[in-house]
Amino acid sequence: MDEEIDSEFIVKLTDFLGFDKERVRHLIEKNYLARNWGRYEYLLRFDKEISHVERGTVLYEQDSSFEMITGFPKIRRAMILDPTVKKHFIGLEKVAVEEKMNGYNVRIAAVKNDILAITRSGYVCPYTTQKAKEKLNLKFFEDFPELVLYAEMVGPDNPYISKDIYNVESVEFYVFDVREKNSGKPFSISKKQEILEKYGFFQVKFFGEIPLETAPEEIVKIVRKLGEKEHEGVVIKDPEMILSPLKYTSSQSNCSDLRHAFKFYNEAGRDYMLSRIVREGFQTVEWNENEAEFEKRCMQLGKSILNPLRESIKKVKEGQRLYEEARIRVRDLKTVANFQVYLNRFGIDTVFEEPKVVGGEYLITIRKINKSTTDKTQAIWQGELW
Ligand code: ATP
Ligand code: MG
């Protein structure tokens with residue numbers, strides 16, 4: 001961005017953000033405020049949280065100033081429900097409970113006469129963008145160019161988190177938030193539901209508004225049922241969306257995360273693994289489990305750690321390399337090429353297999369190579385120390 005460091009652009013940006021000029025210069029130099037690339041170069045992204053500006057916030061020039069799409073704020077986790085929910089939402093009579101769906105978080109908005117799907121980190125994913133254009137009622141963005149949809153892309157053809165549990169054939173966008181550009185102010189739950197209904201969008205499942213007093217016990221019931229279907233859990237929200245939401249997840253979802261993490265044990269974050277194990281500890285105690293239930297939980301937890309480990313270690317011993325399979329489905333092969341370039345930009349090592357024609361579209365299997373776990377395992381098999 002060097003050529004602009006001194007330009008009018010910086011002055012304008014300084015005015016818009018309310019930071020001083022030196023600060024903005026510093027952010028740009030450090031790449032904390034960075035440009036997207038290619039045709040989205042005009043889109044600046046915050047690579048980390050800076051003075052209350054959420055990570056992943058993006059902005060672009062609009063008229064004589066800028067327009068901003070705020071990042072999706074991290075949702076704090078309740079490790080136990082009682083008293084945490086009552087304490088966090090103190091003063092409210094009721095809380096709104098929604099399903100927490102397990103897919104890929106994207107913001108969809110009209111940006112300079114285009115519709116973009118922006119990732120949590122503020123990149124424009126070409127595949128997700130194409131899918132959003134095909135799947136969503138775009139009239140919404142004509143009517144409300146100042147609004148942003150915050151949605152979960154779910155389904156088997158989601159190359160980031162592929163799940164077959166939602167009765168979705170390819171991918172679908174389930175909206176959970178509607179927010180204003182610039183301020184990032186969310187709609188209340190009822191106003192959100194009304195507008196989403198009107199435009200025919202899919203919405204995350206709503207379990208209703210539950211009195212705060214009985215919320216913990218009601219949520220336990222909901223989460224148990226969700227868990228039985230391998231669904232992830234819930235997000236508990238202030239119906240007015242003033243207090244921040246909380247999340248709480250099922251044991252099955254913890255175990256499913258662990259299965260994935262231990263398959264590629266050398267690339268998964270240690271905090272990620274540990275926190276999922278600790279959650280199981282709190283849940284078994286809070287849910288007052290008897291010996292039989294506890295044994296069952298132990299088996300499930302143990303298996304979700306050891307099964308994938310055994311499989312990966314064996315595969316490498318037999319000379320195979322470890323990889324993850326992802327899948328995309330497109331109408332136009334150009335989207336595949338764009339997506340491949342996009343992934344390569346992040347240094348993700350992929351192999352795209354030959355497209356198969358399915359119902360007028362192309363289905364492409366992608367192998368993501370997990371070099372680090374493969375190499376580590378190989379080294380151990382050759383006698384290296386940990
Ligand atoms: P994880 O999804 O494992 O909790 P994360 O780091 O993305 O990891 P958060 O930062 O807390 O977690 O964000 C919550 C996530 O939940 C977002 O990715 C969001 O897309 C997703 N989500 C699914 N359903 C909902 C919902 N009903 N309301 C809010 N967020 C939801
Ligand atoms: Mg998630």
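Note that the structure is a prediction, hence the values are computed from the model and not measured. As the structure lists them, so they are numbered: ligands from 1, and atoms in each ligand from 1. The basis for the numbers below is simple: all heavy atoms, side chains too, and nothing from hydrogens, waters or symmetry mates.
In this structure, a donor-acceptor pair under 3.5 Å is present between the side chains of E67 and Y60. Side chains of Y123 and R45: a donor-acceptor N/O pair is present below 3.5 angstrom, by distance only.
Residue nearest to atom 5 (P) of ligand 1, selected from K100, R120, R55: R120 (by heavy-atom distance). Taking only non-hydrogen atoms, the option from V154, N102, I75 nearest to atom 14 (C) of ligand 1 is I75. In this structure, of V234, I161, N105, D257, the residue bringing a heavy atom nearest to atom 17 (C) of ligand 1 is N105. When R276, E152, K247, K74 are ranked by how near their heavy atoms come to atom 11 (O) of ligand 1, first place goes to K247.
Counting heavy atoms closer than 4.0 Å to ligand 1, residue V235 contributes side-chain atoms (C-beta onward) but none from N, CA, C or O.
When each atom of ligand 1 is checked for a heavy atom of V204 under 4.0 Å away, the hits are 27 (N). Near E98, meaning under 4.0 Å from any of its heavy atoms, are these atoms of ligand 1: 26 (C), 27 (N), 28 (N).
Taking the six-membered ring for Trp and thresholds of 30 and 60 degrees, Y174 and F202 have ring planes inclined between 30 and 60 degrees apart.
With hydrogens left out, the protein atom closest to atom 24 (N) of ligand 1 is M101 N, 3.1 Å, a heavy atom. Scanning the protein heavy atoms around atom 26 (C) of ligand 1, the nearest turns out to be F176 CB, 3.5 Å.
Annotation: salt bridge (Lys or Arg N to Asp or Glu O under 4.0 Å) contacts of K376 (sequence neighbours excluded): none.
Taking only nitrogen or oxygen atoms, main chain and side chain alike, P73 does not reach within less than 3.5 Å of ligand 1.
The closest approach between any non-hydrogen atom of K237 and ligand 1 is below 4.0 Å.
Grouped by direct or indirect side-chain proximity (heavy atoms under 4.5 Å, Ile/Leu/Val/Met/Phe/Trp/Tyr only), M299 sits alone.
Cation-pi check for R367 over Y323 is met; the charged atom lies under 6.0 angstrom from the ring centroid and within 45 degrees of its normal. Judged by the 6.0 Å distance and 45° axis criteria, R23 is positioned over the aromatic ring of F19.
Side-chain atoms of S253 do not come within 3.5 Å of backbone N or O of T249 as any donor-acceptor pair.
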